[in-house]
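Input: a single structure, listed below in structure tokens.
Letters A, B, ... are given to chains in the order of the sequence lines, protein chains preceding strands, and every chain is numbered from 1.
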Number of protein chains: 4
Amino acid sequence: MARKPMQQRAKATVETIIEAGFICVARHGLQATTTRRIADIAGLGVGSIYEYFDNKEAIFTAMNRHFMAEVVAFVRPQIPELVRMEIVASVRCLIDGIEVLLRRNDERYLKFVRATLGNREAFDFGPVRDVLMDLLLQYVLHHPQMARLPDLAVMSHLLIHASVFIVVQHLSEENPAFSFAELGAGLARMVSHYVTMEIAALP
Amino acid sequence: MARKPMQQRAKATVETIIEAGFICVARHGLQATTTRRIADIAGLGVGSIYEYFDNKEAIFTAMNRHFMAEVVAFVRPQIPELVRMEIVASVRCLIDGIEVLLRRNDERYLKFVRATLGNREAFDFGPVRDVLMDLLLQYVLHHPQMARLPDLAVMSHLLIHASVFIVVQHLSEENPAFSFAELGAGLARMVSHYVTMEIAALP
Amino acid sequence: MARKPMQQRAKATVETIIEAGFICVARHGLQATTTRRIADIAGLGVGSIYEYFDNKEAIFTAMNRHFMAEVVAFVRPQIPELVRMEIVASVRCLIDGIEVLLRRNDERYLKFVRATLGNREAFDFGPVRDVLMDLLLQYVLHHPQMARLPDLAVMSHLLIHASVFIVVQHLSEENPAFSFAELGAGLARMVSHYVTMEIAALP
Amino acid sequence: MARKPMQQRAKATVETIIEAGFICVARHGLQATTTRRIADIAGLGVGSIYEYFDNKEAIFTAMNRHFMAEVVAFVRPQIPELVRMEIVASVRCLIDGIEVLLRRNDERYLKFVRATLGNREAFDFGPVRDVLMDLLLQYVLHHPQMARLPDLAVMSHLLIHASVFIVVQHLSEENPAFSFAELGAGLARMVSHYVTMEIAALP
DNA sequence: CATGAATGAGTATTCATTCAT
DNA sequence: AATGAATGAATACTCATTCAT
């Protein structure tokens, strides 16, 4: 059983392991990310990993948590600003920020997301979905006419999931047929039109 | 080196192996799909697999090819009909058909897609993307006003990729918050509104 | 999952592994008997062991079964003769035979018994206890006055268990204070006296 | 190198560790008794164990010594009484006492004996054998006719070893076919009869 | 004295792949 | 063409022991 880190040094070690995990996945892929390799990158013995993690899976879980927390920490403070913008601007602003975040540190996070996308356990999208839902809710509160949109639940789910996948997918493309900015613009416009039309259709 | 199957019997064996692959992934997951298990399900010796496939990866590639071909074979004949429908009806018709296809044989294909989604090599989306692009192109040819839409390339890419992911994602959900039909309807409406708005905006 | 050996060659391999197990325990002790060492001694790759045994424990179980079967195969055919002898002669005859058996092949079996004595799973004494019980029963049938002995069940259990342990214990002694023959004689005399006294005490 | 505990507190710590060892073996078995677990149970850091013991083996040795000393401390004071009894009574009295001792503290000692029986190093029977030999010697001195028994050395060795094993074996049995008291009685009677017969046979 | 963080050799087990029959 | 026995590199995980603080 993994110990709870009690000393300051131990806390740092945990961080080191998680970071080594990201580096390893980025460099070698999920499959080739072995406990030994993580330990090597972290500059630790294999055993040290098991001082803090019950098993390999737990490292991935921690990595996911770490990443999701970072995204949330990036998005949440911007919500007040984002809700005041027009839809197109808001979406673009958000997406551009996300791109920067995903590309930081040699695309560490981007590669992690790509690698774990298929893996329900390793990739738990929850916290980010929640903050995006929150953003959307706040947006609606600032734009009351949107509150009357039908199927808001369905559409927001659809929008959020699709966006995440589209973004990851595009950022992963080696030779994309068009720029990320164009993608963002397209996404924004689609949302905007949808809202406009639906509201216009309301009695 | 795996020989090219020349005889009728050999072709059948290859098919048997591919089918065993799908069954195995569906039953035990990608990780637990070993050559031995595939051979067992196929009722063959392990060695026999290597008569027809260079390595395990090649089986997955063949499975992907097989699956994609099936989707294409399902979509292509419907194109003439689909292009004559309204956007909403067309999208819904297509998506409903896809659902049936993915759920056939104990969700064999759905489980395969889900399992290989993160894997760029095992999941090569190409042929399906092409037939969908083709459908879209034909659709535009039948609805000339759409030809003037700006960013058609971007938007079709966006639409197709997002749809595929959204569909797989929703079908994988254990307790979806809304029905697949609602999802299809939402998707269709979004596309429809987008087209309407953009065309209206044209000079 | 370990395969059932289907070919002749496979059967031989299973035997080889079991024998290697005995050699390894004899040479290095139970603790140091690793799957790799067994494989090395057997002249096989590690993997081959797992073709026929689910896990390491299963090898020990098979070894125990093999050993017990050998003891039984040694004792059972002698029962007809043993039951016709006097108690002292019968016990001595049996015990001397057992010594030879245990000392065969560099004391392979003796060392195995010694090593696994404490291990309820690895050392399942059952089959030997049964054949000894059988011998005792037959003996009683040939010496009807013994049938009237009280506590026959208790005493036979006591006798058998004690004998096994005493024998193993003595054979394991580096510098025994007295010979194995003396031990056997003592054991025999004790049994004999007990029977004589108890029968004499009967009404 | 572990220091010799010089202070009172250190002595107590050593005792704590030994007791933790017994608890750990009783709870989790020999295999699962790790230094870490012992330290946890003792409420110490792992490192502290190595202040007092050179290695893990040394803990087991100390535990064995502790246990054997306890048995000796239990038996020795009773010798004067035991030697004055009849054989049957004496044996029963002794054995019943041993049972109580082994069952104390959740069968701590019984479980320890069972676990280490096969292990020559961890289970050194010496001190107990010596006190039992002493008891036997004193007994003979009080019953001078016994002094003329032939093979006294052999028989006492046989008796003592068999008894120890039989007792442990029976106490370990989940569903014993007969009670411990019956076993003790049987053992006592066997010894008694043996002595009677042998003495009667003397010239 | 006491600690717990760090270690790394060692272990059982898996599985894609080969190859003699 | 077909097989299944054999392989061994690779992997996750353990745990006695050390040592800096």
Side-chain angles (χ1 to χ4, degrees), chain A residues 1-14 32-39 42-57 59, chain B residues 3 5-7 9-10 13 31-39 44-57 59, chain C residues 1-14 32-39 42-57 59, chain D residues 3 5-7 9-10 13 31-39 44-57 59:
Chain A
M1 255 298 256
R3 291 272 158 132
K4 282 269 138 66
M6 319 211 78
Q7 299 177 9
Q8 191 53 40
R9 180 160 59 127
K11 284 246 172 68
T13 304
V14 169
T33 294
T34 69
T35 51
R36 169 154 298 275
R37 251 201 265 256
I38 292 176
L44 291 167
V46 232
S48 301
I49 287 181
Y50 289 89
E51 287 281 323
Y52 305 107
F53 295 93
D54 277 333
N55 50 46
K56 196 183 151 187
E57 196 57 31
I59 306 174
Chain B
R3 2 193 137 199
M6 308 244 109
Q7 304 175 10
R9 181 159 63 111
T13 306
Q31 197 66 242
T33 294
T34 68
T35 50
R36 189 130 110 172
R37 251 206 261 255
I38 292 176
L44 293 168
V46 230
S48 303
I49 286 182
Y50 287 86
E51 289 287 326
Y52 302 105
F53 294 94
D54 281 334
N55 50 45
K56 194 185 162 189
E57 196 57 34
I59 305 175
Chain C
M1 254 298 254
R3 292 271 159 133
K4 281 268 136 68
M6 319 212 78
Q7 300 178 7
Q8 190 53 41
R9 180 160 60 126
K11 284 245 172 66
T13 304
V14 168
T33 294
T34 68
T35 51
R36 168 153 299 275
R37 250 202 266 255
I38 293 175
L44 291 167
V46 234
S48 301
I49 287 181
Y50 288 88
E51 288 281 324
Y52 305 107
F53 295 93
D54 277 335
N55 49 47
K56 196 182 151 186
E57 196 57 31
I59 305 175
Chain D
R3 0 194 139 198
M6 308 244 110
Q7 304 175 10
R9 181 158 63 111
T13 306
Q31 197 66 243
T33 295
T34 68
T35 50
R36 190 130 106 170
R37 252 205 262 254
I38 293 176
L44 292 169
V46 232
S48 303
I49 286 183
Y50 287 86
E51 290 287 326
Y52 302 105
F53 295 93
D54 280 336
N55 49 45
K56 194 185 161 188
E57 198 56 34
I59 305 174

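Closest of all the heavy-atom pairs between V46(C) and R36(C) is CG2-NH2, 3.3 Å. Here the closest heavy-atom approach between residue T35(C) and residue Y50(C) is recorded as CG2-OH, 3.3 Å.
Residues satisfying the salt bridge (charged side-chain N to carboxylate O under 4.0 Å, His left out) test with R9(C), not counting sequence neighbours, are none.
Summarising the geometry, atom CG belonging to D54(B) is positioned 11.0 Å from atom CD belonging to E51(B); distances are rounded to the nearest 0.5 Å. Taking OH from Y52(B) and CG from L44(B), the interatomic distance works out to 8.0 Å, rounded to the nearest 0.5 Å. Rounding to the nearest 0.5 Å places CD1 of I59(C) at 4.5 Å from CD1 of I49(C).
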Inset, instruction - Indicate for each nucleotide in nucleotides 8-15 of chain E, in 5' to 3' sequence, whether protein heavy atoms under 4.0 Å reach the base (B), only the sugar-phosphate (S), or nothing (-). - result: BB-SBBBB
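As rounded to whole Å, 20 Å separates atom P of dA16(E) from atom OH of Y52(B). The CD1-C1' distance, from I49(B) to dA2(F), rounds to 12 Å in whole Å.
Atom name C1', nucleotides dT21(F) and dC1(E): the rounded distance is 13 Å, in whole Å.
A sub-4.0 Å separation between OP1 or OP2 of dA5(E) and a side-chain N or O of T13(A) is absent.
Two residues are said to be in side-chain contact when any heavy atoms from C-beta on lie closer than 4.5 Å; F53(A) and V14(A) meet this criterion.
Between A10(A) and R9(C), it is A10(A) whose nearest contact on DNA chain E lies nearer the 5' terminus.
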Legend entry - Pairing string, 5' to 3', for DNA chain F - Watson-Crick or wobble contacts under 3.5 Å, brackets [ ] where pairs cross, | to another strand: .||||||||||||||||||||
